[in-house]
Amino acid sequence: MRVEIWSDIACPWCYVGKARFEKGLADFAHRDDVEIVHRSFELDPGRAKDDTELVTDMLARKYGRTPDEVRSMEANVAANARAEGLGYLTEGRDHGNTFDIHRLLHLARARGRQDELLSLAYRANFAERRSVFDDTVLLDLAVEAGLDAGEARAVLADPGAYAEEVRADEREAAELGANAVPFFVFDRRYGISGGQPAEVFTQALEQAWKDRPVTAAGDAAACDADGACEVPGAAARNA
């Protein structure tokens, strides 16, 4: 069985959702027969490559939130992340365009290191205050994930490298009706949106394995295509 996960490094609920999915997968009897493929989804595709700002400033400006409201939003996500054993910095993190990260993730997939790079990029972005919008940091992460430094450097230097693969993922997300991430698709038949609890993912895996429709337990937090990360995800839907 194949599970495809559309996500973005800039999405905190994708970070939390990955951890919850992995816990749910660990409790699935057929976990060794599940192939995981991470797909690209950009929350801020119109932003220029070198245009970065603090996440807190972006949230306050884009959604008209006060500093106190932004701190409350970030504290809520942090509590969810820490409940899953994840580090989460509520201040000092950058926000920017994630296209280059997605291109590198496609290289990593081709070399069998996609999950390793994704995990390192999430940790760098949310827990370590290492800007994943800096090519030097991205190259370091690629090497840490087991990729060849020269090959990763060449991809970053060529804006066209793996660009079509990223765009193809994004077109597929639109065709599947995914307007929020994380978005999980099971064997191209059933889908779940949002960072659901681990037990919901276990149930989804079991139902998909038996070729039954997936029913998620209510809404869960997600980041929508507009970049709003406080908006609950949609209930489970057929893909």
Side-chain angles (χ1 to χ4, degrees), residues 5-21 39-102 118-119 121-134 137-138 166 170 173-174 177-184 192-197 200 216-237:
I5 307 172
W6 273 262
S7 61
D8 192 12
I9 292 296
C11 164
W13 293 114
C14 296
Y15 176 50
V16 173
K18 182 177 187 294
R20 290 176 176 171
F21 173 78
R39 300 288 189 190
S40 302
F41 190 104
E42 294 174 89
L43 290 173
D44 200 356
R47 182 179 287 263
K49 173 181 170 61
D50 297 323
D51 180 14
T52 61
E53 64 180 322
L54 290 174
V55 169
T56 49
D57 290 346
M58 180 273 293
L59 292 172
R61 173 184 53 78
K62 190 168 186 177
Y63 302 111
R65 302 301 179 100
T66 67
D68 283 346
E69 288 173 330
V70 169
R71 281 192 287 269
S72 178
M73 290 164 57
E74 285 290 274
N76 175 55
V77 182
N80 278 269
R82 290 164 187 162
E84 303 302 329
L86 302 172
Y88 193 93
L89 298 169
T90 58
E91 295 182 317
R93 299 191 340 265
D94 286 342
H95 175 78
N97 182 287
T98 56
F99 189 63
D100 284 350
I101 303 169
H102 286 298
L118 183 62
S119 295
Y122 274 139
R123 188 174 69 192
N125 187 43
F126 290 107
E128 297 178 339
R129 204 173 283 128
R130 297 168 69 188
S131 179
V132 293
F133 309 104
D134 182 309
V137 173
L138 281 182
V166 175
E170 294 173 339
N179 56 15
V181 287
F183 187 68
F184 302 79
I192 283 182
S193 178
Q196 302 280 351
V200 172
D219 288 350
C223 295
D224 68 18
D226 191 37
C229 292
E230 74 276 25
V231 178
R237 55 175 297 279

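- Proximity of a side-chain donor or acceptor of Asn76 to a complementary backbone N or O of Ser72 within less than 3.5 Å is not detected.
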Evaluate side chain to side chain donor-acceptor pair (under 3.5 Å) for His102 paired with Asp8, printing each intermediate quantity in order. CA-CA 8 Å; His102 286 298; Asp8 192 12; 3.0 Å; yes

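- Closest non-hydrogen pair, Glu42 versus Pro45, comes out as O-CD, 3.5 Å.
- In this structure a side-chain-to-backbone donor-acceptor pair under 3.5 Å is present from Arg129 to Glu91.
- Side chain of Thr66 to backbone of Glu69: a donor-acceptor contact under 3.5 angstrom is found.
- Residues satisfying the ring pair (Phe, Tyr, Trp, His ring centres under 6.0 Å) criterion with Phe126, sequence neighbours excluded, are Tyr15, Tyr88.
- When all heavy atoms are compared, the tightest approach of Cys11 to Leu43 is CB-CD1, 3.6 Å.
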Would Val55 and Asp94 count as a side-chain contact (heavy atoms from CB on, under 4.5 Å) here? Give the steps. CA-CA 5 Å; Val55 169; Asp94 286 342; 5.9 Å; no

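- Pairing each heavy atom of Ala121 with each of Val132, the nearest pair is O-CG1, 3.7 Å.
- Counting heavy atoms from C-beta on, the side chains of Phe133 and Thr98 come closer than 4.5 Å.
- When all heavy atoms of Ser40 and Val166 are compared, the pair lying nearest together is CB-CG1, 3.8 Å.
- Residue Met58 holds its CE atom at 6.0 Å from OH of Tyr63, rounded to the nearest 0.5 Å.
- Rounding to the nearest 0.5 Å places NZ of Lys18 at 9.5 Å from CG of Leu86.
- Listed by chain and residue number, Glu74 satisfy the salt bridge (Lys or Arg N to Asp or Glu O under 4.0 Å) test with Arg93 (two or more places apart in sequence, or in another chain).
- Taking CG of Asp57 as the reference point, atom OG1 of Thr52 lies at 11.0 Å (rounded to 0.5 Å).
- What you find for Asn125 and Ala10 is that their closest heavy atoms are ND2-CA, 4.3 Å.
- Separating the CZ atom in Phe184 from the CZ atom in Arg39 is a distance of 14.5 Å, to the nearest 0.5 Å.
- Here Leu118 contributes atom CG and Ile101 contributes atom CD1; the two are 10.0 Å apart, rounded to the nearest 0.5 Å.
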Does Leu59 form a side-chain contact (heavy atoms from CB on, under 4.5 Å) with Arg65? I'd like the steps, not just the answer. CA-CA 7 Å; Leu59 292 172; Arg65 302 301 179 100; 5.7 Å; no

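- A salt bridge links Arg47 with Glu53: at least one charged nitrogen is closer than 4.0 Å to a carboxylate oxygen.
- Taking the six-membered ring where the residue is Trp, the centroids of Phe41 and Phe183 are separated by 6.0 Å or more.
- Between Tyr122 atom OH and Ser7 atom OG the span is 3.5 Å, to the nearest 0.5 Å.
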